[in-house]
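Throughout, protein chains are lettered first and strands after them, A, B, ... in sequence-line order, and every chain is numbered starting at 1.
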Amino acid sequence: MEMMEKALFITAVKNLKNITPRYNRVYFGNEFCEKLIPQLDKLKEIVAHCSKKNLGFSLVTPYVTNSGLEKLEKLFLWLKSNKINCEVIINDYGVLDLINEKYHILSPVLGRLLTKQKRDPRILNLIKRKSEKYRFFKKDNEYNVILEKKIPDALISYFKETNINVPVVQNFLRDYRIARVEIDNLLQGMNLRIPKRDFCISLYVPYGYITTTRRCSANPFRNEKRFFCRISHCRKECKIYSLKLRNKYLPLTYKKGNTIFFKNNRIPSQKELIGKGINRVVYQPEIPF
Amino acid sequence: MKILSPFSKKEEVLPLIDSGTNELYCGIVPREWEDKYSIFDTLNRREGYGANFSVFADLQSAIQSAHEKNVPVFVTMNGLYMQEQYPLIQKIIEKLRNIKVDGLIVADVGLLLMLQKMKFFKEIHMGTGGTTFNSRTVGFYKKLGVSRIILERHLTIDEIKSISQKSSPIMDLEVFILNTLCPYIDGFCTYYHGLPIIDKEIAPEIKIKNTKIKFFKSYDVNYGGHGCGLRFSIQAFDRFGNRIRKKFVISSPRMDLNRKGFKSCGACAMYDFNKIKIKSLKIVERGASTESKIKDIKFIKKGLDILGGEKNLSRGKFIRMIQALYRSTYECRGCSGFSCYYPSVFLNRH
């Protein structure tokens with residue numbers, strides 16, 4: 001039986017205490033905001049802990065502006081100068097380009113922002129419909145008769161796909177030294193056709209991201225105009241507040257910081273995972289902010 | 001700076017060019033694609049019947065009219081594609097080459113790699129789906145054959161300036177200037193767009209006594225339209241997981257961004273874009289009426305005329321002038337922070 005690696009995603013040094021013997025790797029960092037790129041001293045602490053406990057280490061990086069790129073480069077430089085051969089989870093092609101040009105000691109992994117999956121939780125209801133039916137609605141003095149159609153079969157498959165299934169993309173990833181890709185555990189299931197000999201796959205559980213923004217409204221109570229302004233002063237409210245979002249059209253979703261997540265509590269069995277080529281599960285005990 | 005305008009009908013081409021647009025873009029969803037994948041936004045990110053061409057001959061005739069006026073036409077293929085779709089995509093691309101499309105607007109790396117091999121088009125534009133936030137990403141796409149980058153609309157003026165200055169080799173940059181300010185990052189948003197609550201009328205309306213009966217088809221009447229347009233009932237929690245306030249409802253960001261009486265706009269930033277040497281200003285909304293498109297082009301054109309008209313025009317004066325023009329053109333009270341593309345212009349952080 002193939003070995004299933006278990007990784008714990010943490011966003012703060014204090015969460016190192018949550019690492020139990022069941023985990024053999026630590027993910028540390030943030031995917032969604034360059035303001036949450038770890039400080040060098042925090043990175044040093046985590047790396048030291050992983051080395052002491054013989055744990056694998058993956059640095060998680062977000063999409064970045066030029067200023068974020070500079071922050072990341074400081075971390076990469078330290079990793080390189082200390083000959084730390086770790087994984088870097090990439091969510092920005094500029095970061096991938098930088099690592100391939102200057103930091104060959106680091107192993108780039110394609111993050112879940114770049115493995116394009118169809119994550120809208122409403123898709124589940126769409127593809128579940130087995131037959132067409134009529135529905136009637138009355139509005140004022142007007143009746144609407146609506147034929148609810150089944151979606152085309154070709155789309156059912158489409159909704160379970162990722163761009164990593166496309167051979168030309170796989171060739172490109174090989175050229176850019178990517179040997180691992182990260183995906184979310186979609187509510188509607190996944191079609192994966194990724195050659196096991198070339199790529200390993202990590203599955204994030206239980207939270208999958210739906211969307212993200214730089215118009216951050218991490219503080220739900222700050223009802224000011226700058227509330228939606230991406231250049232408003234960040235007080236890292238994302239570290240304090242989390243929201244549950246309810247709407248009748250979709251399952252319960254969660255908002256933390258600038259990102260909305262769904263939760264899928266159904267984790268495939270180890271046999272299922274291995275069958276799909278997944279050999280690492282990344283556990284997020286809390287929403288990764 | 002050039003004005004890039006959307007169009008969705010061949011009859012629009014000449015009026016839009018006469019209004020001052022320098023470049024045109026559109027989408028096409030051929031019948032063959034629609035039969036297989038329906039109207040879902042799988043071929044490009046603007047769904048619906050009004051926003052796209054469906055017949056190549058119509059598009060060809062539109063392109064011929066535009067070329068007679070020396071105006072290039074770009075076609076958007078900014079979906080994310082799966083392997084089974086590639087043979088049909090390849091066929092569509094070959095047809096687009098045959099009708100002399102000047103370039104494609106893409107988002108999918110797989111499609112970009114395919115186009116790099118084909119060498120069919122002079123220009124390939126990487127859309128906001130390519131999520132370009134830094135100059136390294138610009139260089140990365142350049143190596144893959146991209147000739148123009150459409151910058152992510154969530155960037156500040158400072159960040160755009162930095163990308164422009166540090167990008168090597170130099171790349172043509174395009175920015176959004178009017179309409180449809182999306183609250184989320186286009187290339188990272190996975191809310192599905194392509195599904196209106198009601199899709200299409202399937203039979204003529206009938207009237208029994210005073211009661212009208214309409215017949216539609218839909219894929220899911222509970223779908224709720226665009227995910228970013230949903231309203232949520234919200235519970236908030238503190239860092240320890242304790243509820244911190246009673247349940248409350250907020251409207252979606254999209255509703256706030258596109259409030260009645262306000263139009264998403266970035267025209268105040270034109271002064272800075274001119275200095276940064278942005279190549280093209282993009283007006284969005286392919287599905288809008290021709291009148292609305294003409295009004296938008298004329299507004300931006302007048303903005304460019306203001307920029308070119310006075311030698312030592314100050315930034316403050318330009319902003320005052322363009323805001324007055326915005327109010328008079330769109331008959332609204334004024335600007336709103338909610339619908340502003342580039343609010344950094346007003347916070348003096350540039």
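For A/Leu69, the part lying near chain B is the side chain, with the backbone staying farther off; criterion is any non-hydrogen pair under 4.5 Å. At a 4.5 Å heavy-atom cutoff, the contact between B/Lys166 and chain A is made by side-chain atoms alone. With a threshold of 4.5 angstrom between heavy atoms, A/Asn171 does not approach chain B through any atom at all. Contacts between B/Tyr86 and chain A at a heavy-atom distance below 4.5 Å involve the side chain alone, from C-beta outward. For chain B, no part of A/Glu31 is nearby; none of its heavy atoms comes within less than 4.5 Å. Only the side chain of B/Gln85 comes within contact range of chain A, with at least one heavy atom under 4.5 Å from a heavy atom of that chain. Using a 4.5 Å cut-off between heavy atoms, A/Gln117 contacts chain B through its backbone alone, with no side-chain atom that close. Residue contact with chain B, scored on non-hydrogen atoms closer than 4.5 Å, involves the side chain of A/Tyr63 exclusively. Heavy-atom distances place no part of B/Glu152 under 4.5 Å from chain A, backbone and side chain included. The contact between A/Arg119 and chain B is made by backbone and side chain atoms together, counting heavy-atom distances below 4.5 Å. In this structure, no portion of A/Thr162 lies under 4.5 Å from any heavy atom of chain B. Neither the backbone nor the side chain of B/Lys207 comes within less than 4.5 Å of any heavy atom of chain A.
Taking the six-membered ring wherever Trp is involved, the centroid distance between the rings of A/Tyr143 and A/Phe136 does not fall below 6.0 Å. For an aromatic pair to be called close, the ring centres must be under 6.0 Å apart, and A/Tyr209 with A/Phe32 satisfies this.
Here the OH-CZ distance, from A/Tyr176 to A/Phe172, works out to 6.0 Å after rounding to the nearest 0.5 Å. A distance of 5.5 Å separates CG of A/Asn66 from CG of B/Asn134, quoted to the nearest 0.5 Å. Here A/Asp92 contributes atom CG and B/Phe188 contributes atom CZ; the two are 6.5 Å apart, rounded to the nearest 0.5 Å.
For the pair A/Arg135 and A/Glu148, the salt-bridge criterion is met [side-chain N within less than 4.0 Å of a carboxylate O].
Judged by distance alone, with hydrogens and angles left aside, the side-chain atoms of B/Gln83 form no donor-acceptor pair with the main-chain N or O of A/Val166 at under 3.5 Å. Although no hydrogens or angles enter the test, the distance criterion places a donor-acceptor pair under 3.5 Å between the side chain of A/Thr11 and the main chain of A/Phe289. Side-chain atoms of A/Gln188 do not come within 3.5 Å of backbone N or O of A/Pro121 as any donor-acceptor pair.
Per-residue counts of heavy-atom pairs under 4.5 Å with chain B were compared for A/Val95, A/Val169, A/Leu245; the largest is that of A/Leu245. Contact count versus chain B (heavy atoms, under 4.5 Å) is highest, among A/Gln170, A/Lys116, A/Glu161, A/Arg122, for A/Arg122. Chain B forms the most heavy-atom pairs under 4.5 Å with one residue out of A/Glu34, A/Arg193, A/Lys248, A/Glu142, and that residue is A/Glu142. Highest contact tally toward chain A, considering only B/Glu205, B/Lys117, B/Met114, B/Glu84, is held by B/Glu84 [criterion: heavy-atom pairs under 4.5 Å]. Between chain A and the options B/Asp35, B/Asp238, B/Val109, heavy-atom pairs under 4.5 Å are most frequent for B/Val109. The most heavy-atom pairs under 4.5 Å with chain A, out of B/Thr190, B/Thr211, B/Asn210, B/Thr137, come from B/Thr190. Between chain B and the residues A/Asn165, A/Val168, A/Thr259, A/Leu113, the largest count of heavy-atom pairs under 4.5 Å involves A/Leu113.
In terms of heavy-atom proximity, B/Gly266 sits nearest to B/Tyr341 at CA-CB, 3.7 Å. Across all non-hydrogen atoms, the minimal contact from A/Val64 to A/Ile37 is CG1-CD1, 4.0 Å.
For the residue pair A/Asn100/A/Arg177, the side-chain donor-acceptor check at 3.5 Å is satisfied.
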